[in-house]
Asker: 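Dropping the structure in here first, questions after.
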Amino acid sequence: MKRYKVVCIFVIVCFFLQLFNMYRNFNYGKVETSEFRPKPISLPKPSTKIPNPTIPKQCITKTKSHEFLFQRLGIHPKLAYAKAATSVLTNPLEQDEFFKVKQGFLSVQCPVDIQSSISSLASNPRNSNVKWLKSLVQQNPDGSEQLLSGLTILLEREEYANVFWTILDFYDIFVIVRNLNTSFANTRLLIIDAHYSTRLDELWAATFKEFVRLSEISHPVILEKAALRPFRESSLLLKRYSEVPLVEELAKEIWKSFDLRPRIRNCAKPTLLIVWRRDYKSHPRNPQGKINRKVKNEREVVDEIQSAYPSFVINEAQLDSITIEEQIKLIHGADIFFAMHGAAHALTLFMKPKSAVIEIFPDSTNAQNWHMEKVALSAKHKHIKYVAPRENTYNRFTTIPQGMSKELIGKALDFICPS
């Protein structure tokens, strides 16, 4: 009787899961993930012999700025599997985009005590580095591996299509790179997730020496020096009251990737960048592409600002509709950033220091979010916050009251160009 009940429960659960998938297909439509699949990346053919076969004295070092630094780390791609990396899916689930790895996926040449290495991490189940470290074994190369020289950063992303989390990843990796006395231009980035392509891939590709996906590696490789990106929740950008060093240095590193240099502010003709939020499809798990916090009266806002500040250079942009290079150049050239609350505010990290950032919230509930203010203050900007009356927001749109745009810009101008 007990066994019969278990079988019945199992059948009922499967039935409701099937209903759920049918609902997703009906409500959102089918999304073929092929349009989001990354472009193939070609690596050199494997070396026939690994040079410098000397076994390192120490294969793993744990330091303050990054959790683990490896010497001659082996990667065995056939021991990793992700559904999204091998199939064109309809309505993929988030877990389809993460790799499952078997023991031996990572290897080093000297003896290691894995349990002691991960003991400090295992207490937090969200720390994905535990998964990778558990796959680590001692194994000598057999000569078929390709040696990738220099430093490689291993990164497993979470909210991969979100600008804020991408910039946070950039910052944390930059801290590692600086502490190892090198630069993005001399560093390889190995993406160890199976997320789909987004426009943000352009930023990774433009910044690092090489931008490689685990799914594009078909044969074993040995990384001369490698580091796992630290546990994301330990990032200084997620600690509200912590100082965040190296922000200006990071901005300069990004500028250099796009042939940009520090500029002098022209207070006779300040540049205002207005970023509009509009519907867009960023990844296959958002098939309708509907977003919140859009401005209802865009034209009235622009006309009001132009009338009040005729000397301003005003640039308007829907950032997701233009290339990353165009986005960075607009950000670099802006003295004032004006936008509804959203992840695009993270790009203000790359503005000239001591600029002004205006963040508009549709209601007091959203206004409790402090992350974009943290980014602005870390870059030494003036952060100006405005919360619209609740009745001004309806059906994903917010109406900015007459006169408010002029007032907000006035506060920003007083900071960047005090009289």
Asker: Hey, does the Lys NZ or Arg CZ of Arg232 hover above the aromatic six-ring of Trp165, less than 6.0 Å from the centre and inside 45° of the axis?
Answerer: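 Yes, Arg232 lies over the aromatic ring of Trp165.
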
Asker: Within a 6.0 Å radius of atom CD on Gln95, are there more than 12 heavy atoms belonging to other residues, nucleotides or ligands?
Answerer: yes

Asker: Could you verify whether a donor N or O on one side chain and an acceptor N or O on the other, from His76 and Ser107, lie under 3.5 Å apart?
Answerer: yes

Asker: Just say parallel, tilted or perpendicular for the rings of Phe184 and Phe170, cut-offs at 30° and 60°.
Answerer: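 Taking Phe170 first and then Phe184, their aromatic rings stand perpendicular (interplane angle over 60°).
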
Asker: Is the shortest distance from a Lys or Arg side-chain nitrogen in Asp279 or Lys294 to a carboxylate oxygen in the other one below 4.0 Å?
Answerer: yes

Asker: Measure across Pro77 and Ser218 and return the closest heavy-atom pair with its distance rounded to 0.1 Å.
Answerer: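 Heavy atoms only, the tightest pair is CG-C, 3.9 Å.
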
Asker: How many angstroms lie between atom NE2 of His381 and atom CD of Glu373, to the nearest 0.5 angstrom?
Answerer: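 The distance works out to 13.0 Å.
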
Asker: Under the side-chain contact (heavy atoms from CB on, under 4.5 Å) rule, what do Val101 and Trp132 come out as? Steps first, then yes or no, please.
Answerer: CA-CA 7 Å; Val101 292; Trp132 304 106; 3.4 Å; yes

Asker: Relative to Phe415, does Lys354 satisfy both conditions: NZ or CZ under 6.0 angstrom from the six-membered ring centre, and within 45 degrees of the ring's axis?
Answerer: no

Asker: Side-chain contact test, heavy atoms from C-beta onward, threshold under 4.5 Å: evaluate it for Leu347 versus Phe337 and give yes or no.
Answerer: no

Asker: With the threshold set at 4.0 Å, does a side-chain nitrogen-carboxylate oxygen contact exist between Arg263 and Asp335?
Answerer: yes

Asker: Looking at every heavy atom in both Ser355 and Met351, which two are closest together, and how far apart are they?
Answerer: CB-CE, 3.4 Å

Asker: Do the side chains of Glu249 and Arg178 get close enough for a salt bridge, i.e. N-O under 4.0 angstrom?
Answerer: no

Asker: If every non-hydrogen atom of Arg265 is compared with every non-hydrogen atom of Ile416, which pair is closest and at what distance?
Answerer: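 Residues Arg265 and Ile416, closest heavy atoms: CD-O, 4.0 Å.
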
Asker: Could you report the tightest heavy-atom contact between Trp370 and Leu237, atom names first, then the distance?
Answerer: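 Where Trp370 meets Leu237 most closely, the heavy atoms are CZ3-O, 4.2 Å.
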
Asker: Can we say Asp320 and Arg199 salt-bridge, meaning some charged N sits less than 4.0 Å from an Asp/Glu carboxylate O?
Answerer: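 Judged by the 4.0 Å cut-off on N to carboxylate O distance, Asp320 and Arg199 do not form a salt bridge.
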
Asker: Could you check Asn292, Thr393, Asp363 and say which one makes a side chain to side chain donor-acceptor pair (under 3.5 Å) with Thr398?
Answerer: Thr393

Asker: Could you please spell out the steps behind the side-chain contact (heavy atoms from CB on, under 4.5 Å) verdict for Arg261 and Lys256?
Answerer: CA-CA 7 Å; Arg261 297 292 179 267; Lys256 189 168 36 172; 4.3 Å; yes

Asker: The test is side-chain contact (heavy atoms from CB on, under 4.5 Å); show your working for Ile167 and Val375 and say whether it passes.
Answerer: CA-CA 10 Å; Ile167 299 305; Val375 170; 5.8 Å; no

Asker: Look only at the side chain of Lys225 and the backbone of Leu69, and say whether a donor-acceptor pair between them is shorter than 3.5 Å.
Answerer: no

Asker: Is Asp193 salt-bridged to Lys131, going by a charged N under 4.0 Å from an acidic O?
Answerer: no

